[in-house]
Amino acid sequence: MNKEIPYKIYLEENEMPKQWYNVRADMKNKPAPILNPATRKPITVEELTPIFCEELARQELDDTTPYIDIPQEIQDFYRMYRPSPLTRAYCLEKKLDTPAHIYYKFEGNNTSGSHKLNSAIAQAYYAKKQGLKGVTTETGAGQWGTALSMACAYFDLDCQVYMVKVSYEQKPFRREVMRTYGATVTPSPSMLTNVGKKINAEFPGTTGSLGCAISEAVEAATAQEGYRYVLGSVLSQVLLHQTIIGLETKSALDKYGIKADVVIGCAGGGSNLGGLISPFVGEMLRGEADYEIIAVEPASCPSLTRGKYAYDFCDTGKICPLAKMYTLGSGFIPSANHAGGLRYHGMSSIISQLYDDKLISARSVEQTEVFKAAQTFAKVEGILPAPESSHAIKVAIDEALKCKETGEEKNIVFGLTGTGYFDMVAYQKYNDGEMVDYIPTEEDLIKSFATLPQING
Ligand SMILES: *Cc1c(COP(=O)(O)O)cnc(C)c1O
């Protein structure tokens, strides 16, 4: 059936997914339950709802319902920028002179520039439906804050973003996009919260961290009537919303009778990867098909390839629920790395369990080779990729070059999560030859593993 495959495979509006797919329902070994940090017992919906929206708390703990309806309002919003194209990388194949067929699912076609809008709009919708006034969140590099600002503007919700101070100062453009969409952006640590005041007093002049911004956002949500806290990655609800990526990809491939052999995604907290691979993994779990699935992470923050599978705190402030996951320890501070969205110490509990069950594999790559792959891709495919996305490009190119040696005509599919227009300082470093690779030593890791809480599970 593989006759004329267009450069871009689109779905018609009536072919768009109407439900998200909850891969946990098909997993024999479910992800370990998340724990209440106070009691260290599995957390309940009631215990989650002071912090999270009710429907999102339910989705977080639901590991039995395979398909969850996408509310019509969210489907309507998706139509503005979805389906995202599945592109056959004919030009990259030619450049690499490979017999492999390469496809990429491009999520950078919206103003936020990444896949994060897929979950932001869902989370804003449920907050609005619950009658809330607004939501609070943290942002590091700024992609999540931008996506959430857009989603809140659409549903007329107040959006308060705690942005890591160093990014707030160094990434003024992302900050201004958020403000243009009506969000309040506060550099963290701030003097608006108790935890912020405390950190400022303890570490005068600190430029902040993601863990600290999370603690501030959670405090702000609980301190204000009608506010909840939302998060852009790691959580199972986020991965669920991101399955729109994989469901579209699968339908588009099926439309042309294409069977993927290798599916590749970059992994920070695991949401885009989980969203892309869920429908494929579902077939594997049900014994219907087999795929090679590869998670790609930075060598500077190697949670899957060098982390421990253990219960850990999801935030440095240790106030969020504990999750069993591949982790480097919540105290792990990755070295300066330009793929900001991949600098998380842990990994989605779903991805962690799939990896532990050997349904997926993982590779770590160093940042200079990632930027080299990004440049190769940009030159032939016309898209300037985000540094995060370029981790997947790097491994897709490696796999295509292997096919060149073996002569195999594999179908390689990878997730291109976003564009890199706000990452030009990183590209500048690369172009100036000033980019360095840093890999944590065994000693670094042993030190941060020592901070893991002692919980059997
Ligand atoms: C945030 C981000 C990522 C990583 O997040 P996941 O939850 O692992 O998907 C990857 N790519 C881009 C462009 C991002 O903004």
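Position 1 is the first residue of the sequence, and the numbers go up from there. Ligands are counted one by one from 1 in listed order, and the atoms in each one are counted from 1 as well.
- For ligand 1 and Leu342, the ligand atoms under 4.0 Å from any heavy atom of the residue are 4 (C).
- Here the protein heavy atom with the shortest distance to atom 4 (C) of ligand 1 is Gly341 O, 3.4 Å.
- Checked by atom type, the side-chain pair Ser119/Gln123 shows a donor-acceptor distance below 3.5 Å.
- Side-chain contact of Asp437 with Thr368: a donor-acceptor pair under 3.5 Å is present, judged by distance alone.
- Between the side chains of Glu388 and Gln143, at least one donor N or O lies within less than 3.5 Å of an accepting N or O.
- At a cut-off of 3.5 Å, with distance as the only test, no side-chain donor of Glu93 or Thr98 sits close to an acceptor on the other residue.
- Side-chain contact annotation: Tyr81 with Asn118, donor-acceptor N/O pair under 3.5 Å present.
- For atom 12 (C) of ligand 1, the candidate residues are Leu276, Thr417, Thr419; the nearest heavy-atom contact is made by Thr417.
- Taking a cut-off of under 4.0 Å to the non-hydrogen atoms of Gly269, the atoms of ligand 1 that pass are 6 (P), 7 (O), 8 (O).
- There is a side-chain donor-acceptor pair under 3.5 Å between Gln59 and Tyr126.
- Annotation for ligand 1: atoms under 4.0 Å from non-hydrogen atoms of Gln143 are 15 (O).
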Query raised in the report: What's the verdict on salt bridge (charged side-chain N to carboxylate O under 4.0 Å, His left out) for Glu55 and Lys129, showing C-alpha distance, side-chain angles and the deciding distance?
Result: CA-CA 9 Å; Glu55 191 54 38; Lys129 201 171 144 226; 5.4 Å; no

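- The protein atom (non-hydrogen) at minimum distance from atom 7 (O) of ligand 1 is Ser233 OG, 2.5 Å.
- Below 3.5 Å of separation, one finds no N or O of Glu388 facing any N or O of ligand 1.
- At least one heavy atom of His115 lies less than 4.0 angstrom from ligand 1.
- Taking the ring centroids of Tyr104 and Phe377, they lie under the 6.0 Å cut-off.
- Contacts of Val238 with ligand 1, taken as heavy-atom pairs under 4.0 Å, are absent altogether.
- Residues Phe422 and Phe173 place their aromatic rings such that the two centres sit no closer than 6.0 Å.
- Among Met347, Glu107, Lys116, the residue whose heavy atom lies closest to atom 14 (C) of ligand 1 is Lys116.
- For ligand 1, the polar-atom distance check against Asn272 finds a nitrogen or oxygen pair separated by under 3.5 Å.
- Of all the heavy atoms of Ser114, the ones lying under 4.0 Å from any atom of ligand 1 belong exclusively to the side chain.
- Lys379 NZ to Cys91 SG: the interatomic distance, rounded to the nearest 0.5 Å, is 14.5 Å.
- Of all atoms in ligand 1, listed by their number and element, those nearer than 4.0 Å to a heavy atom of Cys266 are 10 (C).
- For Gly268, a nitrogen or oxygen atom sits less than 3.5 Å from a nitrogen or oxygen atom of ligand 1, counting backbone and side chain alike.
- For ligand 1, the polar-atom distance check finds no N/O of Ala386 at less than 3.5 Å from any of the ligand's N/O atoms.
- The shortest N or O to N or O distance between Ala267 and ligand 1 is not under 3.5 Å.
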